[in-house]
Amino acid sequence: MQKGFKISKVIFYLVLIGYAIICLGPFLWSFITSFKPTSEINNFNINFKTLSAKNYIFLWKEFPFARWVFNSIYVALIVTLGNILFNSMAGYALARINFPGKKALFLAILGMMMVPGQVVMVPTFILLSKLGWVNTYKGLTLPFLTSLFGIFLMRQFFTTIPKAIEESAMIDGLSRFGIFFRIVLPLARPALSTQFILMFTGNWNSFLWPSLLAQSEEMYTLPVGLNSFYGQYYQFWDQVLAGVMILSIPSILIFLIFQKNFIKGIATTGLKE
(Lines give C-alpha, C1' and ligand atoms only; values in the text may rest on other atoms or scores of the structure.)
Protein backbone atom coordinates (compact mmCIF):
# COMPACT_ATOMS: atom_id res chain seq x y z
CA MET A 1 0.00 0.00 0.00
CA GLN A 2 2.74 2.41 1.02
CA LYS A 3 4.90 1.38 -1.96
CA GLY A 4 2.03 2.07 -4.37
CA PHE A 5 1.49 5.47 -2.75
CA LYS A 6 5.17 6.35 -3.25
CA ILE A 7 5.05 5.31 -6.92
CA SER A 8 1.95 7.41 -7.55
CA LYS A 9 3.62 10.36 -5.80
CA VAL A 10 6.73 10.00 -8.00
CA ILE A 11 4.52 9.86 -11.12
CA PHE A 12 2.66 12.96 -9.93
CA TYR A 13 5.90 14.93 -9.50
CA LEU A 14 7.21 13.74 -12.87
CA VAL A 15 4.02 15.00 -14.50
CA LEU A 16 4.43 18.36 -12.74
CA ILE A 17 8.06 18.60 -13.86
CA GLY A 18 7.08 17.77 -17.44
CA TYR A 19 4.31 20.37 -17.36
CA ALA A 20 6.74 22.96 -15.95
CA ILE A 21 9.21 22.25 -18.77
CA ILE A 22 6.45 22.66 -21.37
CA CYS A 23 5.38 25.98 -19.84
CA LEU A 24 8.89 27.34 -19.30
CA GLY A 25 10.25 26.15 -22.65
CA PRO A 26 8.92 29.05 -24.78
CA PHE A 27 9.95 31.58 -22.14
CA LEU A 28 13.51 30.22 -21.93
CA TRP A 29 13.75 30.12 -25.74
CA SER A 30 12.58 33.76 -25.92
CA PHE A 31 15.06 34.76 -23.22
CA ILE A 32 18.01 33.18 -25.06
CA THR A 33 16.85 34.48 -28.44
CA SER A 34 16.71 38.03 -27.08
CA PHE A 35 20.51 37.90 -26.86
CA LYS A 36 21.00 36.55 -30.41
CA PRO A 37 21.82 38.66 -33.48
CA THR A 38 19.15 38.99 -36.15
CA SER A 39 20.86 36.47 -38.44
CA GLU A 40 20.44 33.68 -35.86
CA ILE A 41 16.82 34.28 -34.81
CA ASN A 42 15.53 31.18 -36.63
CA ASN A 43 18.45 29.01 -35.53
CA PHE A 44 17.59 26.74 -32.61
CA ASN A 45 21.25 26.02 -31.91
CA ILE A 46 22.83 28.23 -29.28
CA ASN A 47 26.14 29.83 -30.20
CA PHE A 48 27.36 31.36 -26.96
CA LYS A 49 30.06 33.33 -28.80
CA THR A 50 27.46 35.45 -30.60
CA LEU A 51 25.20 36.10 -27.60
CA SER A 52 25.28 39.71 -26.41
CA ALA A 53 23.17 42.44 -24.84
CA LYS A 54 23.15 44.53 -28.05
CA ASN A 55 19.38 44.20 -28.46
CA TYR A 56 18.76 45.60 -24.98
CA ILE A 57 21.25 48.45 -25.51
CA PHE A 58 19.66 49.22 -28.88
CA LEU A 59 16.22 49.57 -27.28
CA TRP A 60 17.37 52.15 -24.76
CA LYS A 61 19.46 54.15 -27.25
CA GLU A 62 17.34 54.19 -30.40
CA PHE A 63 13.79 54.34 -28.96
CA PRO A 64 12.10 56.32 -26.15
CA PHE A 65 12.10 53.05 -24.22
CA ALA A 66 12.59 54.67 -20.82
CA ARG A 67 9.51 56.83 -21.49
CA TRP A 68 7.46 53.76 -22.40
CA VAL A 69 8.56 52.00 -19.21
CA PHE A 70 7.66 55.07 -17.14
CA ASN A 71 4.23 55.31 -18.81
CA SER A 72 3.52 51.65 -18.12
CA ILE A 73 4.60 51.90 -14.47
CA TYR A 74 2.65 55.12 -13.92
CA VAL A 75 -0.57 53.88 -15.54
CA ALA A 76 -0.41 50.43 -13.92
CA LEU A 77 0.24 51.81 -10.41
CA ILE A 78 -2.40 54.56 -10.57
CA VAL A 79 -5.07 52.20 -11.91
CA THR A 80 -4.13 49.43 -9.46
CA LEU A 81 -4.12 51.66 -6.37
CA GLY A 82 -7.39 53.27 -7.47
CA ASN A 83 -9.00 49.86 -7.89
CA ILE A 84 -7.77 48.68 -4.49
CA LEU A 85 -9.28 51.74 -2.78
CA PHE A 86 -12.58 52.15 -4.65
CA ASN A 87 -13.31 48.45 -5.13
CA SER A 88 -12.71 47.86 -1.42
CA MET A 89 -15.02 50.71 -0.42
CA ALA A 90 -17.76 49.55 -2.79
CA GLY A 91 -17.34 45.92 -1.76
CA TYR A 92 -17.52 46.82 1.94
CA ALA A 93 -20.68 48.85 1.39
CA LEU A 94 -22.33 45.92 -0.39
CA ALA A 95 -21.22 43.47 2.29
CA ARG A 96 -21.97 45.42 5.46
CA ILE A 97 -24.09 48.54 4.93
CA ASN A 98 -27.83 48.25 4.47
CA PHE A 99 -29.31 50.77 2.02
CA PRO A 100 -32.28 50.79 -0.40
CA GLY A 101 -31.61 48.92 -3.62
CA LYS A 102 -28.59 47.07 -2.27
CA LYS A 103 -29.58 43.66 -3.65
CA ALA A 104 -30.63 45.15 -6.99
CA LEU A 105 -27.30 46.96 -7.27
CA PHE A 106 -25.36 43.78 -6.51
CA LEU A 107 -27.36 41.85 -9.11
CA ALA A 108 -26.73 44.63 -11.62
CA ILE A 109 -22.98 44.33 -10.97
CA LEU A 110 -23.15 40.58 -11.54
CA GLY A 111 -25.12 41.15 -14.73
CA MET A 112 -22.70 43.77 -16.06
CA MET A 113 -19.79 41.40 -15.43
CA MET A 114 -21.25 39.19 -18.16
CA VAL A 115 -21.31 42.00 -20.73
CA PRO A 116 -18.27 41.81 -23.09
CA GLY A 117 -15.98 44.82 -22.88
CA GLN A 118 -16.20 45.31 -26.65
CA VAL A 119 -19.84 46.35 -26.27
CA VAL A 120 -18.95 49.56 -24.40
CA MET A 121 -15.68 50.23 -26.23
CA VAL A 122 -17.02 52.64 -28.85
CA PRO A 123 -19.26 54.69 -26.46
CA THR A 124 -16.40 54.93 -23.96
CA PHE A 125 -13.94 56.12 -26.60
CA ILE A 126 -16.42 58.73 -27.91
CA LEU A 127 -16.97 60.00 -24.34
CA LEU A 128 -13.23 60.24 -23.67
CA SER A 129 -12.73 61.99 -27.01
CA LYS A 130 -15.38 64.61 -26.19
CA LEU A 131 -13.76 65.17 -22.79
CA GLY A 132 -10.42 65.74 -24.52
CA TRP A 133 -8.79 62.86 -22.68
CA VAL A 134 -7.43 61.00 -25.72
CA ASN A 135 -3.61 60.83 -25.66
CA THR A 136 -3.49 61.94 -22.01
CA TYR A 137 -2.69 60.25 -18.71
CA LYS A 138 -6.21 61.04 -17.53
CA GLY A 139 -7.66 59.02 -20.38
CA LEU A 140 -5.32 56.10 -19.65
CA THR A 141 -6.11 55.98 -15.91
CA LEU A 142 -9.32 57.65 -14.67
CA PRO A 143 -11.88 55.53 -16.61
CA PHE A 144 -10.32 52.33 -15.24
CA LEU A 145 -10.04 53.14 -11.52
CA THR A 146 -12.76 50.62 -10.65
CA SER A 147 -13.68 47.18 -11.94
CA LEU A 148 -16.79 45.06 -11.49
CA PHE A 149 -14.76 41.94 -10.76
CA GLY A 150 -12.74 43.77 -8.11
CA ILE A 151 -15.91 44.96 -6.37
CA PHE A 152 -17.32 41.43 -6.44
CA LEU A 153 -14.04 39.96 -5.13
CA MET A 154 -13.85 42.37 -2.18
CA ARG A 155 -17.54 42.04 -1.35
CA GLN A 156 -17.21 38.26 -1.17
CA PHE A 157 -14.13 38.49 1.05
CA PHE A 158 -15.67 41.02 3.44
CA THR A 159 -18.57 38.64 4.10
CA THR A 160 -16.04 36.21 5.64
CA ILE A 161 -14.98 38.71 8.35
CA PRO A 162 -16.98 38.18 11.58
CA LYS A 163 -19.34 41.05 12.32
CA ALA A 164 -18.46 40.81 16.02
CA ILE A 165 -15.06 42.42 15.32
CA GLU A 166 -16.69 45.47 13.77
CA GLU A 167 -19.36 45.67 16.47
CA SER A 168 -16.66 45.68 19.18
CA ALA A 169 -14.81 48.48 17.39
CA MET A 170 -18.06 50.45 17.07
CA ILE A 171 -18.69 50.10 20.80
CA ASP A 172 -15.17 51.47 21.40
CA GLY A 173 -16.17 54.58 19.46
CA LEU A 174 -14.76 54.01 15.99
CA SER A 175 -16.72 55.51 13.11
CA ARG A 176 -17.64 53.54 10.00
CA PHE A 177 -14.61 54.96 8.17
CA GLY A 178 -12.38 54.19 11.13
CA ILE A 179 -13.59 50.59 11.21
CA PHE A 180 -13.03 50.26 7.48
CA PHE A 181 -9.50 51.70 7.34
CA ARG A 182 -8.17 50.53 10.74
CA ILE A 183 -9.90 47.17 11.20
CA VAL A 184 -11.32 45.77 7.98
CA LEU A 185 -8.62 46.65 5.44
CA PRO A 186 -5.75 45.12 7.47
CA LEU A 187 -7.78 41.91 7.79
CA ALA A 188 -8.38 41.93 4.04
CA ARG A 189 -4.69 41.72 3.16
CA PRO A 190 -5.03 38.40 1.25
CA ALA A 191 -7.83 39.79 -0.94
CA LEU A 192 -5.96 43.07 -1.43
CA SER A 193 -2.84 41.17 -2.50
CA THR A 194 -4.91 39.12 -4.92
CA GLN A 195 -6.45 42.25 -6.37
CA PHE A 196 -3.07 43.98 -6.58
CA ILE A 197 -1.56 41.12 -8.60
CA LEU A 198 -4.53 40.80 -10.95
CA MET A 199 -4.96 44.53 -11.52
CA PHE A 200 -1.27 45.39 -11.88
CA THR A 201 -0.42 42.56 -14.26
CA GLY A 202 -3.61 43.19 -16.25
CA ASN A 203 -2.87 46.90 -16.68
CA TRP A 204 0.87 46.43 -17.11
CA ASN A 205 0.24 44.05 -20.03
CA SER A 206 -2.78 45.93 -21.38
CA PHE A 207 -2.61 46.67 -25.09
CA LEU A 208 -6.09 47.36 -26.48
CA TRP A 209 -7.09 50.54 -24.63
CA PRO A 210 -3.59 52.11 -24.58
CA SER A 211 -3.29 51.47 -28.33
CA LEU A 212 -6.54 53.41 -28.86
CA LEU A 213 -5.90 56.24 -26.42
CA ALA A 214 -2.13 56.75 -26.80
CA GLN A 215 -1.75 58.35 -30.22
CA SER A 216 1.74 59.81 -29.94
CA GLU A 217 5.00 57.96 -29.37
CA GLU A 218 5.70 59.75 -26.09
CA MET A 219 2.41 58.47 -24.63
CA TYR A 220 2.94 54.82 -25.64
CA THR A 221 2.97 52.22 -22.92
CA LEU A 222 5.47 49.38 -23.24
CA PRO A 223 3.16 46.87 -25.02
CA VAL A 224 2.09 49.54 -27.54
CA GLY A 225 5.68 50.61 -28.12
CA LEU A 226 6.79 47.01 -28.72
CA ASN A 227 3.97 46.60 -31.22
CA SER A 228 5.58 49.29 -33.39
CA PHE A 229 8.63 47.06 -33.92
CA TYR A 230 6.95 44.96 -36.55
CA GLY A 231 4.53 45.52 -39.41
CA GLN A 232 3.40 43.95 -42.67
CA TYR A 233 6.81 44.11 -44.39
CA TYR A 234 9.29 44.17 -41.53
CA GLN A 235 9.84 42.41 -38.21
CA PHE A 236 12.45 43.16 -35.55
CA TRP A 237 11.88 40.03 -33.49
CA ASP A 238 15.22 40.24 -31.69
CA GLN A 239 14.32 43.67 -30.27
CA VAL A 240 10.72 42.59 -29.62
CA LEU A 241 11.89 39.61 -27.56
CA ALA A 242 14.32 41.80 -25.62
CA GLY A 243 11.45 44.17 -24.84
CA VAL A 244 9.16 41.28 -23.89
CA MET A 245 11.75 40.05 -21.37
CA ILE A 246 11.82 43.49 -19.76
CA LEU A 247 8.01 43.60 -19.88
CA SER A 248 7.75 40.30 -17.99
CA ILE A 249 10.03 41.23 -15.07
CA PRO A 250 7.56 43.29 -12.94
CA SER A 251 4.78 40.70 -13.26
CA ILE A 252 7.09 37.88 -12.18
CA LEU A 253 8.48 39.86 -9.22
CA ILE A 254 5.06 40.94 -7.99
CA PHE A 255 3.68 37.41 -8.13
CA LEU A 256 6.72 36.02 -6.26
CA ILE A 257 6.32 38.68 -3.55
CA PHE A 258 2.57 38.32 -3.07
CA GLN A 259 2.01 34.67 -4.02
CA LYS A 260 1.25 33.44 -0.47
CA ASN A 261 -1.42 36.07 0.11
CA PHE A 262 -2.66 35.57 -3.47
CA ILE A 263 -3.29 31.86 -2.89
CA LYS A 264 -4.88 32.56 0.49
CA GLY A 265 -7.13 35.25 -1.00
CA ILE A 266 -8.35 32.98 -3.79
CA ALA A 267 -8.94 30.13 -1.32
CA THR A 268 -10.98 32.19 1.16
CA THR A 269 -12.95 34.45 -1.19
CA GLY A 270 -16.55 33.29 -1.37
CA LEU A 271 -16.64 31.62 2.05
CA LYS A 272 -19.14 32.98 4.53
CA GLU A 273 -18.90 33.29 8.27
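The analysis underlying the following values was restricted to heavy atoms, covering all of them including side chains, and did not include hydrogens, waters or symmetry mates. Along the sequence shown, residues carry numbers from 1.
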Rounded distance (nearest 0.5 Å) linking atom [atom1] of [X] with atom [atom2] of [Y]:
X	Y	atom1	atom2	result
Leu59	Met245	CG	CE	12.0 Å
Leu81	Leu85	CG	CG	9.0 Å
Met113	Ser147	CE	OG	8.5 Å
Asn203	Phe144	CG	CZ	8.5 Å
Leu140	Leu212	CG	CG	10.5 Å
Leu213	Trp133	CG	CH2	11.0 Å

Would you find more than 12 non-hydrogen atoms of other residues, nucleotides or ligands less than 6.0 Å from [X] atom [atom1]?
X	atom1	value
Met114	CE	no
Tyr19	OH	no
Phe125	CZ	yes

Should Ser216 and Asn135 be marked as a side-chain hydrogen bond (donor to acceptor under 3.5 Å, both in side chains) after you check the CA-CA gap, both sets of side-chain angles, and the distance that decides it?
CA-CA 7 Å; Ser216 64; Asn135 204 42; 3.1 Å; yes
Take the angle between the ring planes of [X] and [Y] and call it parallel below 30°, perpendicular above 60°, tilted in between.
X	Y	answer
Phe158	Phe180	perpendicular
Phe35	Tyr56	tilted
Phe63	Trp68	tilted

Just checking, Arg155 and Phe106: is the charged tip under 6.0 Å from the six-membered ring centre and within 45° of the axis?
yes
Output yes when a side-chain donor or acceptor of Asn83 lies under 3.5 Å from a complementary backbone atom of Val79, and no otherwise.
yes
Thr159 side-chain N/O to Gln156 backbone N/O, donor-acceptor pair under 3.5 Å
yes
Can you confirm whether the side chains of [X] and [Y] place a donor and an acceptor under 3.5 Å from each other?
X	Y	result
Ser228	Tyr220	no
Thr221	Asn71	no
Gln195	Asn87	yes

Joint hydrophobic cluster, Ile57 plus Phe65, side-chain heavy atoms closer than 4.5 Å
no
